[in-house]
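Notes for the one structure printed next.
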Amino acid sequence: MSILIYANTANGKIHKSALEAVAYGSKIATDMGTNATAIVVGACDDTDTLGEYGATKVLHANDAKFNSFDPSVYTKAVTAAVEAEGADVIIFSHDFTGKAIAPRVAARLDAGLVSGAVDYPKLDSGFTVRKAVFSGKAFANITINTDKKVVSLLPNSVDKAPVGGSATVETFSPEVGAASVTVKEIIKESTDLPLTEAEKVVSAGRGLKGPENWGMVEDLAKALGAATACSRPVSDMDWRPHHEHVGQTGVAIRPNLYIAIGISGAIQHLAGVNQSKTIVVINNDAEAPFFKSANYGIVGDAFEVVPKLLEAAKAFNAANN
Amino acid sequence: MKILVCISKAPDTTAKIAFTNNNTEFDTNGVQFIVNPYDEWYALVRGLELKEQHSGSVTVLNVGTAENDPIIRKALAIGADEAVRIDVNPTDALQAAKEIATYAKTQGFDLLLLGKETIDYNGSQIGAMVAELMDLPYVSLATKLDMNETTATVSRDIQGGTEVVELSTPAVISAAKGMAEARIPNMRGIMAARTKPLNVVAASGASASTTISSYELPPAKGECHYIDADNVGELIELLHNEAKVI
Ligand SMILES: Cc1cc2nc3c(=O)[nH]c(=O)nc-3n(C[C@H](O)[C@H](O)[C@H](O)COP(=O)(O)OP(=O)(O)OC[C@H]3O[C@@H](n4cnc5c(N)ncnc54)[C@H](O)[C@@H]3O)c2cc1C
Ligand SMILES: Nc1ncnc2c1ncn2[C@@H]1O[C@H](COP(=O)(O)O)[C@@H](O)[C@H]1O
């Protein structure tokens, strides 16, 4: 028995969400009295960092056939590692890659899957994992009843401090068959972290009146080291790119800090952001529903409040750096 | 071109979320059900557009009991040609995926379209599971989809950008925002939906591999701490010293 963690890469490096997944998996390994092995598929030059987060072994499938992402090929690599390691618990990050392969791995192993887990499994009576359901309006505790168990972890859910170990790295050459998906082109929209992994987010809504007014939002985000987001009407009107749309039908996020400027706080918007740890609402209508979900609120005109907040943030940065 | 669109039922986006039976069941009292938005707005409408371009047919498929017939009729009113309902109430994604795959295997579909996720259980699982069970290529979270006779060209979201991929059909694709514009059914569509076939087929008897032990509502937020608009510096201080997020 062991725990296998799929460690995602980006541009030939271990991705931040993979460190969290490895820290999560190795804690489960400790609780279950076993070891954590990580598998890395594709080119990567810093696989040894995974040891610092608790993996004792890293399997590196580094062959040209893994250069482009084909979910069925990657699935076969992971299930081959499950077999080689005798793994019973398989961990993914619930990100773009994890969403494409964790369910395939579960189907191939005929294993139960909890996707988007937000906490460590409870092991006292079976294997029960907590996840957000109803778009963040509730949680469900889900018990996996099969021998093999697959869990994908929602980014930014558990502590990911290095524990200071080291891992042995082995080359892994599984049989995976031919690719069925050919990558034609990759269009980079930004080099920033995806919204789902940002720890701070500054978001604005229809209260900002038009796309020409987003300068101050971007400046504030920059001063705070935050990503930018928006409400649905804002992206529907093409004031902002679609990937910034958060909410029930957009991206669901749970940053440590979410600042909402000129957003009313409709239930569908809240569904995507109400798991944020600290919420700040800036709105000129004291009756805006968003204040009910806020930790901090400022009733005022965004065009006056945001520039002042930007100055305060800059002064804070100057004093603290 | 023979297209299958998998649709699920979801509580209306404004529904009040509450639980009964010692927090083990979703309380459907007073809850209005809709077609899951990703399935209706994107997967179904793009399926219809592709049929309009290439001719063929669009079948909608739901795994569920007769309670789901109204949402299936809605999909027919929007323009699907026929519907199939596999008669069982699935209790997890793997069970639903097995039922879908068992049915679809014998039907010769060129394309299987699903939504990115259901807005109730937020699984994002079934599309990839169906692809694996049918041994078909799969693209998740697609924002754009074009087809010719034997290949599909798909754009999908990845970290920090978009990836354009090509795959041969038959294939499974899950639809995200951007793939199409929602359509509203018109009177003619609603009338026509009444007479379109809704075939009920028996389930294959697949079982679930997970169970929901309990639900919880998130802890209530404390009172909002208001900060004077003339003294916003205080907010930065509180975020640093109290909330410890900057
Ligand atoms: C099925 C469905 C799914 C949906 N999914 C989503 C989703 O995923 N995400 C989402 O965001 N929405 C979603 N919506 C839409 C949602 O219901 C709201 O319509 C939307 O969130 C409103 O956006 P908003 O707050 O930016 O705009 P508004 O509701 O117009 O609010 C603007 C706010 O700005 C304030 N304001 C105005 N001027 C100023 C000023 N000068 N300074 C400060 N404040 C000011 C106003 O007081 C108001 O509160 C969905 C709707 C449906 C039906
Ligand atoms: N009961 C069901 N019957 C048919 N299709 C379904 C069902 N449940 C989910 N789906 C499809 O699978 C997609 C992903 O669902 P999920 O994996 O549960 O998030 C949905 O958007 C639907 O297209």
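Since the structure is predicted, the reported quantities are computational estimates derived from the model, not experimental observations. Naming convention: chains lettered A, B, ... in sequence-line order (proteins, then strands); numbering from 1 in each chain.
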Could you have a look at [options] and say which one has the most heavy-atom pairs with chain B under 4.5 angstrom?
{"options": "A:Thr146, A:Asp70, A:Thr128", "result": "A:Thr146"}
{"options": "A:Ala252, A:Ala140, A:Gly116", "result": "A:Ala140"}
{"options": "A:Ile298, A:Asn295, A:Ile144", "result": "A:Asn295"}
{"options": "A:Ala312, A:Gly112, A:Ser115", "result": "A:Ser115"}

Please determine whether a side-chain nitrogen of the Lys or Arg among [X] and [Y] lies less than 4.0 Å from a carboxylate oxygen of the Asp or Glu.
{"X": "B:Asp157", "Y": "A:Lys99", "result": "no"}
{"X": "A:Lys137", "Y": "B:Asp120", "result": "no"}
{"X": "A:Arg130", "Y": "B:Glu216", "result": "yes"}

Option in [options] with maximal non-hydrogen atom pairs under 4.5 Å from chain A:
{"options": "B:Glu242, B:Glu237, B:Glu117", "value": "B:Glu242"}
{"options": "B:Leu217, B:Val139, B:Leu94", "value": "B:Leu94"}
{"options": "B:Val245, B:Leu167, B:Leu235, B:Val164", "value": "B:Val164"}
{"options": "B:Lys116, B:Met129, B:His240, B:Glu132", "value": "B:Glu132"}

Next item on the list: For B:Ser155 and A:Glu185, run side-chain contact (heavy atoms from CB on, under 4.5 Å): C-alpha distance rounded to whole Å, both residues' side-chain angles, the deciding distance at 0.1 Å, then the answer.
Entry: CA-CA 9 Å; B:Ser155 302; A:Glu185 189 185 355; over 6 Å; no
When you compare the side chain of [Y] with that of [X], does any pair of heavy atoms fall below 4.5 Å?
{"X": "B:Ile246", "Y": "A:Leu257", "result": "yes"}
{"X": "A:Arg108", "Y": "B:Asp135", "result": "no"}
{"X": "B:Val232", "Y": "A:Val305", "result": "yes"}
{"X": "B:Arg156", "Y": "A:Phe69", "result": "yes"}

Where on [X] is there a heavy atom nearer than 4.5 Å to chain A: the side chain, the backbone, both, or neither?
{"X": "B:Leu141", "value": "side chain"}
{"X": "B:Lys244", "value": "neither"}
{"X": "B:Ile119", "value": "both"}
{"X": "B:Ala97", "value": "neither"}
{"X": "B:Leu136", "value": "backbone"}

Indicate whether any N or O donor in one side chain lies under 3.5 Å from an N or O acceptor in the other, for [X] and [Y].
{"X": "A:Asn145", "Y": "B:Ser209", "result": "no"}
{"X": "B:Thr13", "Y": "A:Gln248", "result": "no"}
{"X": "B:Ser213", "Y": "A:Thr143", "result": "yes"}
{"X": "B:Lys177", "Y": "A:Ser235", "result": "yes"}

Item checked: Evaluation steps, side-chain contact (heavy atoms from CB on, under 4.5 Å), between A:Leu113 and B:Thr210 -> CA-CA 7 Å; A:Leu113 162 64; B:Thr210 59; over 6 Å; no
Next item on the list: Could you list which of residues 19-40 of chain B have a heavy atom closer than 4.5 Å to any heavy atom of chain A, in residue-number order?
Entry: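 The residues closer than 4.5 Å to chain A, in numerical order, are B:Phe19, B:Phe26, B:Pro37, B:Tyr38.
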[X] versus chain B, the contacting section by heavy-atom distance below 4.5 Å:
{"X": "A:Val281", "value": "neither"}
{"X": "A:Asp301", "value": "neither"}
{"X": "A:Ala179", "value": "neither"}

Next item on the list: In sequence, state the C-alpha distance, the side-chain angles, and the governing distance for B:Tyr138 and A:Val181, and then conclude on side-chain contact (heavy atoms from CB on, under 4.5 Å).
Entry: CA-CA 8 Å; B:Tyr138 171 60; A:Val181 176; over 6 Å; no
Donor-acceptor pairs under 3.5 angstrom involving side-chain atoms of residues 223-230 of chain B: please list them, not counting sequence neighbours.
residue	atom	partner	partner atom	Å
B:Asp228	OD2	B:Asp230	N	2.9

Margin query: Quick check: closest heavy atoms across A:Ala100 and B:Ser140, and the distance to 0.1 Å?
Written below: CB-OG, 3.4 Å
Margin query: Using side-chain contact (heavy atoms from CB on, under 4.5 Å), reason through A:Thr182 and B:Val165 one step at a time and then give a plain yes or no.
Written below: CA-CA 5 Å; A:Thr182 320; B:Val165 301; over 6 Å; no
Check: Between the main-chain N or O of B:Val154 and the side-chain N or O of A:Lys184, is there a donor-acceptor pair closer than 3.5 Å?
Finding: no
